[in-house]
Amino acid sequence: MDRRKFLSRGGTALLTFYLGGCAEELTPGQARERGVPLQVLSAAEVATLDALGETLLPGSAAAGLSHFIDHQLGAPRSEQLLMIKYLGLDPPFDGFYRSGLAGLDGAARAAHGSAFAALAEELRRELVAAVAQSDPPGWSGPPAPLFYFVTRNDSLDVVYGTREGIEGLGIPYMAHILPPSRWGA
Amino acid sequence: MSVAGEKFDAVVVGSGAAGSAMAARLAAGGKRVAILEAGPARENSDLISSGIWARRLKWHGEPVEEAGDNPVGHVFNAGFGVGGAALHHFAVWPRLHPTDFRVRSDHDRGLDWPLDYADLAPYYDQVQAQSGISGDADQEIWRPSGAPYPMKPVPVFAQAEILARGFEARGLTTAPLPLAVTSEPYQGRPPCIWDGWCDAGCPIGALANPLTIDLPKATAAGAILETDATVTRVLTDGSGERATGVEYVDATGSRQVAYADVVVLAAFAVQNPRLLLASATDRHPNGLANSSGHVGRYTMTHPAGLIYGLFDEETRCWQGAFGGQLLNQDGYPKDTHAEAGAFGSYQWMIAQAVKPNDLLGIGTTRPDLFGADLHGFMRRAARGFASMTAVVEDLAVATNAVTLSDRRDRFGVPLARVTHTTAPESRALWLAVLEQGKAIFEAAGAKEVWTGPQGAMHIMGGTIMGDDPKTSVTNGYGQTHDLPNLVIAGPGLFPSSGGVNPTFTVHALAARSAAHLLEHWGELTP
């Protein structure tokens, strides 16, 4: 995608999704709305992830948190845009997310006898607060605070990392202007 | 364009700041130059203003293992693709100080350089004129001698004005931050629009990155760039006293060779020592250029001191350059916080432009908040957030090192393993600096002040220069002691980190090295 095309779309984080065998460039939120099939995560994992996202940053599920992560986990390494890549962990990252989501469900079952997505909002908040500090009882997978940090930042990405999200805070997006001639060309 | 099987005057491994600078100068000096870049091709028009998209510019080559109490943050600090880490660097270009070159002599700790500030000063001036730096040399009262900046200082916006009050109240000085960013039209480049997207790369040529400055010069002078070309080994002749070229894997996965009279390794501070260690031969059983046993040693990364605050006033924190607007180097004397057991220099980069998300974004500064509290914080911060970052000296420690892992990459080369634990006196300095930073924010009127964890900023050392072949890897021009036509370029050469950003010094060293090589080329060829 060239810059002009990107800017004409208003800086929205468009990704290429496959729907009915055709490639379409959609925001993760649009992909969610249109029911784009998931590539990596299962429906149960997405239910947990959406519930976690809504607890971490309300609005992130609708903004397409699960489709964003699922898309990225299936992307070639050079195209991966998840912030987890900064944290010194080796790709691929699907195991990190899957085991973290399983850990969250395990902790929810240990504490309350049901999956995380089935918990009442207040119980979800309590469990996420615990996960932010240390591995709670029933947890397995990556260190719980690391999983919290990563998924919290993924939620920030989909909610506040786009032009709409930035401008929604009253911050001008200020993408670079297209230069009259490409420097050095 | 493939360079496979060809013979060049020089092969340069890596197209970041150091590699591009070396290639441009050697090509301009009439040498036939090939540049091998492991990552993809990039153009300025690829640089999209988005913190998420910008992650493509960070390292995504073969994994690097990290160990120690304070890992170097390789993926975040390194780059991948044409332009390397310099494509996403913040262009804060202060000079090292004279004291940084004689740490061992003056303080009986750390290491000395094999050159003085005076040796490097002409090259700082030369690079400054070519790349363009905005600043005010007179206001920068700490600045070592040198030519005035060629562009007026960067503008000061509300965030910097507010934080400057805190420095003034504490009896500290501020000056415009020296940035390799255009504050006015410069040599055909347009002025910056202060949009805070430096980390995503600058597509308009306002920021002096390799795509804008050195690579066009290199290719115009005939240098050939091959991308997606991963160098796997440095080749030597039968005597083991000369490098003869490099082996690499090209974009098709085929193993190729490029020959050269001079081989320049400019693949950054982790991959350079990895390549040397992985190129061991019978004559060099511990790795090339490693008769000292020092290849990989003295890896450094600046501990970053992160100060954040909320003000009642509107800070317009999204405006300006990613690196900041103002500078303070009152803490440059290495004994400033000696009473706290601290050692080293530091500087403040004041009033950085920020975006809401990403590792350095607003939301990440308060990882304790989530849910409705996080939304509320984001709304308050969008109006009144401010930040500054201390670049804290990292004392060189021999055990902080790049070594080879037991694991291998897809080409059979052992992976790099980087071990780093901050020296106690550097950690003490970081802690003391945080206290000062909080006091400055409070003096500026912040309603809330908090700090971040110890960040890892820049990677240096690992192939240090020095006078003694027994205790260093290269001489003062980057030529390895063991194989003089095998040259290292980049921050890996630094024997000390100083308390400033390294890229300007990387350029100055490359300019000095290239001039020396061109002058002595006859001694390098068989």
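In what follows, chains carry the letters A, B, and so on, assigned in the order in which the sequence lines appear, proteins first and then strands, with residues in each chain numbered from 1. No hydrogens, no waters, no symmetry mates; every other heavy atom, side chains included, goes into these values.
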Are A/R125 and B/D373 within salt-bridge range, i.e. N to O under 4.0 Å?
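B/D373 and A/R125: not salt-bridged.
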
Give, as side chain, backbone, both or neither, the part of [X] having an atom under 4.5 angstrom from any heavy atom of chain B.
X	answer
A/L82	backbone
A/F149	side chain
A/D157	both

Side chain, backbone, both or neither: which part of [X] has a heavy atom under 4.5 Å from chain A?
X	value
B/P63	both
B/K58	both
B/R407	side chain
B/A381	neither

With a strict 4.5 Å heavy-atom criterion, list every residue of residues 74-88 of chain B that contacts chain A, or say none.
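Result: B/V75, B/F76.
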
Side chains of [X] and [Y] in contact at under 4.5 Å (non-hydrogen atoms):
X	Y	value
B/I193	A/M174	no
A/N153	B/T364	yes
B/I52	A/F68	yes

Backbone of [Y] reached by a side-chain donor or acceptor of [X] within 3.5 Å:
X	Y	answer
A/R152	B/D368	no
A/K85	B/R55	yes
B/W197	A/Y173	yes

Only one of B/D358, B/I362, B/L374 clears side-chain contact (heavy atoms from CB on, under 4.5 Å) with A/L156; which?
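Among B/D358, B/I362, B/L374, the one meeting side-chain contact (heavy atoms from CB on, under 4.5 Å) with A/L156 is B/L374.
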
Heavy-atom count around B/E314 CD within 6.0 Å, excluding the residue itself: above 12?
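Counting neighbours around CD of B/E314, more than 12 heavy atoms of other residues, nucleotides or ligands fall under 6.0 Å, so yes.
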
Straight-line distance of A/I166 CD1 to B/S49 OG, nearest 0.5 Å:
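Nearest 0.5 Å value for the CD1-OG distance: 10.0 Å.
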
B/R316 CZ to A/I171 CD1 distance, which is reported to the nearest 0.5 Å
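Between atom CZ of B/R316 and atom CD1 of A/I171 there are 11.0 Å.
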
Compare every heavy atom of B/L369 with every heavy atom of A/Y148, then report the nearest pair and how far apart it is.
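Minimum heavy-atom separation between A/Y148 and B/L369: OH-O, 3.6 Å.
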
Looking at every non-hydrogen atom in both residues, tell me the closest pair between B/A382 and A/L169 and how far apart they are.
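Heavy-atom minimum between the residues: CB-O, 3.4 Å.
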
Of all of A/A129, A/S60, A/G88, which one pairs up most often with chain B through heavy atoms under 4.5 Å apart?
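Top count of heavy-atom pairs under 4.5 Å with chain B: A/A129.
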
For each of A/L87, A/L89, A/V128, A/V159, tally heavy-atom pairs with chain B at distances under 4.5 Å, and name the one with the top tally.
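Result: the option with the highest number of such pairs is A/V128.
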
Pairs flagged by ring-ring contact (aromatic ring centres under 6.0 Å, His included) wherever residues 354-384 of chain B is involved - sequence neighbours left out
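Qualifying pairs: A/Y160-B/H375, B/F377-B/W450.
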
